[in-house]
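Have a look at the structure below before the remarks.
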Amino acid sequence: MTMPTLAEIAAEAGVSEATVSRVLNSKPGVSDTSRQSVVTALDVLGYERPRQLRQRSAGLVGLVVPELENPIFPAFAQVIEDALARRRFTPVLCTQSPGGISEDEYVESLLDHGVAGIIFVSGKHADRGADHDRYRTLIERGMPVAFINGYVEGLGAPFFSTDDRAAMRIAVSHLVQLGHTTIGLAIGPARFAPSHDKREGFVEALGDELGLSEAAARGWIAEGLFTVEGGAAAARALIDRGATAIVCGSDLMAMGAIRAVRDAGLSVPGDVSVVGFDDSRLLPFLDPPLTTLRQPVGEMALQAVDTLCSAIAGQPLPSHDYVFRPELVLRASTGRAPA
């Protein structure tokens with residue numbers, strides 16, 4: 001592939017042609033910011049970087065995610081992979097699927113390839129019924145690890161999680177302010193830590209905001225898979241109970257809830273308000289655009305990478321649960337309770 005002209009690169013990078021020339025020829029006297037601007041310009045223009053601008057890998061780092069159909073997992077993967085690459089690590093993405101390669105098999109393969117560390121996103125560590133000794137074995141052998149979304153009591157490792165209990169309190173408070181008194185929760189299986197914490201936060205919020213007993217509050221919880229179909233099934237059950245608002249455990253479930261509302265001949269938000277969780281990129285383009293709880297993906301992912309890289313560099317692996325507060329993003333899927 002032919003190289004672009006110095007003028008093309010300089011215009012895209014916002015630097016002088018002389019600066020571009022110095023970067024391309026590995027000459028001194030160029031700031032890191034200008035160098036990165038030139039490299040970025042090459043990428044944007046679709047040209048291969050010259051060999052001298054290609055960073056040598058500092059090692060492999062495994063990234064294990066449950067699947068890529070839910071948009072939240074590609075979002076985490078993109079931030080983590082970019083952050084690792086900027087630190088000259090080569091990310092190795094391991095994606096699971098039903099009937100495919102398991103997390104344990106991926107870990108064995110990563111260890112065979114001599115990875116410097118592993119980041120787990122919503123893996124088996126998030127399953128409260130799973131055997132977590134697999135992670136203790138990794139830590140005992142000195143493998144730097146970091147976990148996103150799903151805390152394991154007594155496991156000496158860093159965890160980075162969204163405050164799911166706070167998320168439910170924020171969502172319920174928003175709906176109560178709109179006049180809703182029959183609020184349901186469409187949520188995934190309770191064995192997963194984020195799902196469990198959302199349930200507990202929801203029950204607490206209904207008690208605080210509406211004075212419901214624990215038993216009464218739990219009666220407004222409907223379980224389904226973390227999918228569009230699972231959200232629709234859970235929402236149908238809640239609509240049958242008379243819910244005028246539904247908080248969902250994920251944006252995918254919220255999409256299913258909207259479908260269920262419309263299948264019942266009702267409207268969103270005229271008859272039933274719907275709140276999602278994650279804030280996937282395409283949500284503003286839904287009909288109606290979805291009100292949701294935004295996970296601070298960037299903050300969580302970057303801190304996980306920073307902590308892991310520090311451990312790889314020889315610093316002690318911290319044993320701490322870092323909790324990040326979600327943000328309510330108001331759009332058009334929530335409105336006043338029907339009269």
Side-chain angles (χ1 to χ4, degrees), residues 1-65 67-95 113 115-119 121 146 148 160 251 278-286 289-290 292 294-310 312-313 324 327 329 331:
M1 178 180 289
T2 59
M3 284 290 293
T5 65
L6 293 181
E8 287 178 313
I9 303 173
E12 179 65 36
V15 299
S16 68
E17 292 183 34
T19 297
V20 174
S21 177
R22 299 186 75 83
V23 172
L24 295 180
N25 291 286
S26 301
K27 298 294 184 180
V30 180
S31 68
D32 290 341
T33 300
S34 295
R35 181 188 182 281
Q36 185 59 46
S37 295
V38 172
V39 172
T40 302
L42 287 172
D43 294 343
V44 170
L45 292 170
Y47 292 95
E48 292 184 7
R49 300 179 186 180
R51 184 174 299 276
Q52 65 271 22
L53 294 183
R54 300 175 192 173
Q55 295 182 339
R56 178 171 296 180
S57 175
L60 304 177
V61 171
L63 171 57
V64 183
V65 299
E67 41 100 353
L68 294 178
E69 292 186 5
N70 187 330
I72 195 62
F73 297 127
F76 271 114
Q78 182 174 356
V79 176
I80 291 170
E81 288 183 333
D82 181 63
L84 287 170
R86 283 189 276 108
R87 290 161 176 79
R88 299 191 179 184
F89 286 98
T90 301
V92 181
L93 179 63
C94 301
T95 306
H113 284 81
V115 294
I118 306 175
I119 296 176
V121 180
I148 293 178
F160 305 87
D251 290 337
D278 283 335
D279 194 28
S280 307
R281 288 187 175 181
L282 296 179
L283 292 188
F285 305 102
L286 291 180
L290 184 65
T292 190
R294 175 182 293 158
Q295 285 206 69
V297 171
E299 296 175 52
M300 295 167 63
L302 290 176
Q303 190 161 337
V305 170
D306 285 344
T307 303
L308 185 80
C309 290
S310 295
I312 292 173
F324 296 76
E327 175 188 356
V329 181
R331 298 194 179 100

Give me the atom names and distance for the closest heavy-atom approach of [X] to [Y].
X    : Y    : result
V44  : E12  : CG1-OE2, 3.5 Å
P296 : F324 : CG-CB, 3.5 Å
M300 : F160 : CE-O, 3.4 Å
A83  : L302 : CB-CD2, 3.7 Å
A304 : I148 : CB-CD1, 4.0 Å
P74  : P71  : CD-O, 3.3 Å

[Y] and [X], any side-chain heavy atoms less than 4.5 Å apart:
X    : Y    : result
I312 : F89  : yes
D279 : R331 : yes
V121 : I80  : yes

Please test L24 against I9 for side-chain contact (heavy atoms from CB on, under 4.5 Å), starting from the C-alpha separation and ending with a verdict. CA-CA 11 Å; L24 295 180; I9 303 173; 4.2 Å; yes
Where the side chain of [X] meets the backbone of [Y], is there a donor-acceptor pair that is under 3.5 Å apart?
X    : Y    : answer
D278 : S280 : no
S21  : E17  : no
R22  : A18  : no

Intermediate values then yes/no, side-chain contact (heavy atoms from CB on, under 4.5 Å), L283 and V329: CA-CA 10 Å; L283 292 188; V329 181; over 6 Å; no
L68 and side-chain contact (heavy atoms from CB on, under 4.5 Å): which partner among I72, N70, V65? V65
Among T90, V305, V79, which one satisfies side-chain contact (heavy atoms from CB on, under 4.5 Å) with L84? V305
